[in-house]
There are 4 protein chains.
Amino acid sequence: MLNRTILVGRLTKDPELRYTPNSGVAVTTFILAVDRSFTNRQGEREADFIPIVVWRKQAENCANYLKKGSLIGVDGRIQTRNYEANDGQRRYVTEIVAENVRFLDSKPRQDGGKSNQGNDFSEVGYEVDEDVPF
Amino acid sequence: MLNRTILVGRLTKDPELRYTPNSGVAVTTFILAVDRSFTNRQGEREADFIPIVVWRKQAENCANYLKKGSLIGVDGRIQTRNYEANDGQRRYVTEIVAENVRFLDSKPRQDGGKSNQGNDFSEVGYEVDEDVPF
Amino acid sequence: MLNRTILVGRLTKDPELRYTPNSGVAVTTFILAVDRSFTNRQGEREADFIPIVVWRKQAENCANYLKKGSLIGVDGRIQTRNYEANDGQRRYVTEIVAENVRFLDSKPRQDGGKSNQGNDFSEVGYEVDEDVPF
Amino acid sequence: MLNRTILVGRLTKDPELRYTPNSGVAVTTFILAVDRSFTNRQGEREADFIPIVVWRKQAENCANYLKKGSLIGVDGRIQTRNYEANDGQRRYVTEIVAENVRFLDSKPRQDGGKSNQGNDFSEVGYEVDEDVPF
DNA sequence: TTTT
DNA sequence: TTTT
């Protein structure tokens, strides 16, 4: 069906890069703090703390370019998993698998936009450089 | 910042309607099964099971019109909470607070769209019935 | 940056399948009618009529499985183009490039969900069938 | 049905604030340049140029705090309109009605998040400060 | 009519 | 604890 999440927020800590034991695929994880747009009863602005998972090249870009406090945009999907905890109980996990991560701590680029500061997701293109549908 | 989730899926069970103890506000909860668009290593299509929370009038509409297996669209935001579990440990919960729920198994409407089959969220309108910006 | 649109609505007419002149890539176009969730001053429910473009295999699936009135979900991005009109003026076009189309006229599937009724976008998988990040 | 668009991009010019002739409601418009995440055949990064409409208090905030080049996040819905052009032809317009605008070039806040730098959308709260659904 |  |  459809499953889409878009977030803008800041990393609560430096990202953690690991590699899967079998295939050696890069995977980076971190928690994103997303300020709410409304305040609570005490007039305080709270935040949601959302676990993010990034795979492959983007995982390495995130590990290289991001740190605690970095502002990013995430476009991804919700994933749920469950596992057996140490106490024998089933534990349920919800996290966002990021398909596109944008770095937003914008010191404006010096190159007029040709490079992309680690935002290198050119493999995910749907472009056909031709023709005009409507 | 930004926090937006859109889902289309089916209820795993009948929705549960309750009222908050102090203010008596209606709140309905259910789990949404969202089929993935890709298959796993065994060629099987898996799903994510995502907790949904709906408040107020929409909570009552959901309780009245939805049941196990109903197909719906959800437009909302991710919320995280944590609480102390019985074993003294902190437990983390991630759920979607639905701001808009659309009922989708329904036959095309016979009334030309005047009624809205329980999808009554007219209070959330941004419409200004006047003028043309661009 | 980020550019994401999610829609649920019905085709206003049968979809149109064409092929690009040079590369012969399949492209399907149609207009999606998306009912608004609020009513206008006259208490009528209006709709937005949004041009959709679908490429490649999904274009052919759409042409094969959809028709006027079909209910679908679209996950894509906004694209703007401009061209010189017959009168010599520049004309501006905004349309949604669908990256994922879901067929929602649910006659429940008979196969327990193994097949996918033309919703075959398995090439867009980010899955790594291994490991547990958090 | 569902209609949701999320964008992150930069204003191509200073925003324009007007007031509707009858009700005197504030409305601000601007074009958002959204860089694509992929490059074209020539290896250049292109952008989409998307018309944004903001109403009421947020319109005034945008006019006060934004200018050409400002980086923002937009959460809104697509709206289509048509009108008769001077040449007697029907012209079709697609634009994003912003329900939530986030200002993103801003330095991390010094006040621990109490204020909100013109991002004052507290009227759109769904919060019930009580109870734990799941 | 396009931002960085 | 999972829908079709």
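Every chain is numbered from 1 and lettered A, B, ... according to where its sequence line falls, protein lines coming before strand lines. Since we're looking at a predicted model, the values are computed, not measured.
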Is [Y] paired with [X] through a side-chain N to carboxylate O contact shorter than 4.0 Å?
{"X": "D:D105", "Y": "D:R10", "value": "yes"}
{"X": "D:E95", "Y": "D:R81", "value": "yes"}
{"X": "B:R4", "Y": "B:E99", "value": "yes"}

**Message:** Taking any heavy-atom pair under 4.0 Å as a contact, classify B:G9: base, sugar-phosphate, or nothing.
**Reply:** nothing
**Asked** Contact class for B:K13 vs. all strands (heavy atom < 4.0 Å): base, sugar-phosphate, or nothing?
**Response** nothing
**Prompt:** What's the spacing between A:S70 OG and A:L11 CG if we round to 0.5 Å?
**Reply:** 5.0 Å
**Asked** Looking at CD1 of D:I72 and CG of A:L104, how far apart are the two atoms once the value is rounded to the nearest 0.5 Å?
**Response** 12.0 Å
Nearest-Å distance, [atom1] ([X]) to [atom2] ([N])?
{"X": "B:D35", "N": "F:dT3", "atom1": "CG", "atom2": "P", "result": "11 Å"}
{"X": "D:I31", "N": "E:dT1", "atom1": "CD1", "atom2": "P", "result": "12 Å"}
{"X": "B:L66", "N": "F:dT2", "atom1": "CG", "atom2": "C1'", "result": "17 Å"}
{"X": "B:L11", "N": "F:dT2", "atom1": "CG", "atom2": "P", "result": "16 Å"}
{"X": "B:E44", "N": "F:dT2", "atom1": "CD", "atom2": "C1'", "result": "15 Å"}
{"X": "D:R10", "N": "E:dT1", "atom1": "CZ", "atom2": "P", "result": "23 Å"}
{"X": "B:E16", "N": "F:dT1", "atom1": "CD", "atom2": "P", "result": "16 Å"}
{"X": "B:I50", "N": "F:dT1", "atom1": "CD1", "atom2": "P", "result": "18 Å"}

Looking at the side chain of [X], which of [options] is the nearest nucleotide?
{"X": "A:Y92", "options": "E:dT2, F:dT3, F:dT1", "answer": "F:dT1"}
{"X": "A:R90", "options": "E:dT3, F:dT3, F:dT1", "answer": "F:dT1"}
{"X": "D:A47", "options": "F:dT2, E:dT3, F:dT3", "answer": "E:dT3"}
{"X": "B:T12", "options": "E:dT1, E:dT4, F:dT3", "answer": "F:dT3"}

